[in-house]
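Notes follow once the structure below has been shown.
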Amino acid sequence: MATEQSYIMIKPDGVQRGLVGEIIKRFEQRGYTLRALKLQSVERAQAEKHYADLSSKPFFPALVDYIISGPVVAMVWEGKGVVATGRKIIGATNPLASEPGTIRGDFAIEVGRNVIHGSDTVENAQKEIALWFGESLVDWTPAAKPWIYE
Ligand SMILES: Nc1ncnc2c1ncn2[C@@H]1O[C@H](COP(=O)(O)OP(=O)(O)OP(=O)(O)O)[C@@H](O)[C@H]1O
């Protein structure tokens with residue numbers, strides 16, 4: 001069975017507000033494996049590609065401006081159910097509807113400043129990982145793996 005991966009990105013507000021460590025901690029402590037990580041400025045074309053599915057939405061220009069407004073932290077996290085569970089860890093798109101205990105439920109108020117992105121399907125995760133990282137994932141096995149998986 002191929003191991004599932006998700007593309008997780010701390011948006012510019014999350015970086016500016018000093019939430020990088022807190023967000024990484026939540027995925028790491030849950031038991032997921034970090035396979036790639038970089039801090040980067042985002043070109044407009046890259047942001048437009050990432051959110052291409054939303055290009056017809058009225059908020060699309062503001063969304064692209066938001067994503068390119070400062071550096072982001074791009075990551076690939078791996079493990080059983082990481083796409084769906086990652087979305088649960090992150091919380092609902094609109095932070096006011098996010099449960100306390102989720103990242104958005106703990107750290108955000110507005111949908112246009114919702115701190116973090118997480119892939120919504122396994123298929124989109126693969127596309128997003130290719131867009132942001134190409135082939136450059138780190139292949140390693142955490143020593144804790146037998147203590148996390150039966
Ligand atoms: N009504 C809106 N007004 C402003 N921005 C919005 C709105 N809806 C969505 N967005 C922005 O677009 C992003 C992508 O929207 P989408 O519907 O794909 O939500 P999501 O999958 O929860 O978010 P993400 O893809 O960032 O993880 C949202 O995270 C948010 O930043």
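Both counts, for ligands and for their atoms, begin at 1 and track the order of listing.
- Taking a cut-off of under 4.0 Å to the non-hydrogen atoms of L54, the atoms of ligand 1 that pass are 14 (C), 15 (O), 18 (O).
- W132 forms part of a hydrophobic cluster together with Y7, M9, V42, Y51, L54, F59, F60, L63, V64, Y66, I67, I68, V72, V76, I129, L131, F133, L137, judged by ILVMFWY side-chain heavy-atom separations under 4.5 Å.
- Under the 4.0 angstrom criterion for non-hydrogen atoms, E128 is not in contact with ligand 1.
- With rounding to the nearest 0.5 Å, the separation of OG in S6 from CG in N124 is 10.0 Å.
- For atom 5 (N) of ligand 1, the nearest non-hydrogen atom of the protein is F59 CD1, 3.6 Å.
- Contacts with ligand 1 closer than 4.0 Å are made by side-chain heavy atoms of N114 only, the backbone lying farther away.
- The protein heavy atom nearest to atom 22 (O) of ligand 1 is T93 OG1, 2.4 Å.
- A 4.5 Å side-chain heavy-atom check between I8 and F27 finds at least one atom pair inside the cut-off.
- At the shortest separation from atom 11 (C) of ligand 1 among protein heavy atoms lies L63 CD1, 3.7 Å.
- Taking atom 3 (N) of ligand 1 as the reference point, the nearest protein heavy-atom neighbour is V111 CG1, 3.5 Å.
- Counting heavy atoms from C-beta on, the side chains of I103 and I23 come closer than 4.5 Å.
- Close approach of ligand 1 to G118 is summarised as follows: ligand atoms under 4.0 Å from at least one heavy atom of the residue are 27 (O).
- For E78, the salt bridge (charged side-chain N to carboxylate O under 4.0 Å, His left out) partners at least two apart in sequence or on another chain are R35.
- Contact annotation: for R104 versus ligand 1, heavy atoms closer than 4.0 Å belong to the side chain alone.
- Residues K88 and E99 are not in side-chain contact: their nearest non-hydrogen atoms beyond the backbone lie 4.5 Å or more apart.
- Nearest to atom 25 (O) of ligand 1 by heavy atom, out of K11, R87, H117, M9, is H117.
- Residues R87 and D120 meet the side-chain proximity criterion, which asks for heavy atoms closer than 4.5 Å.
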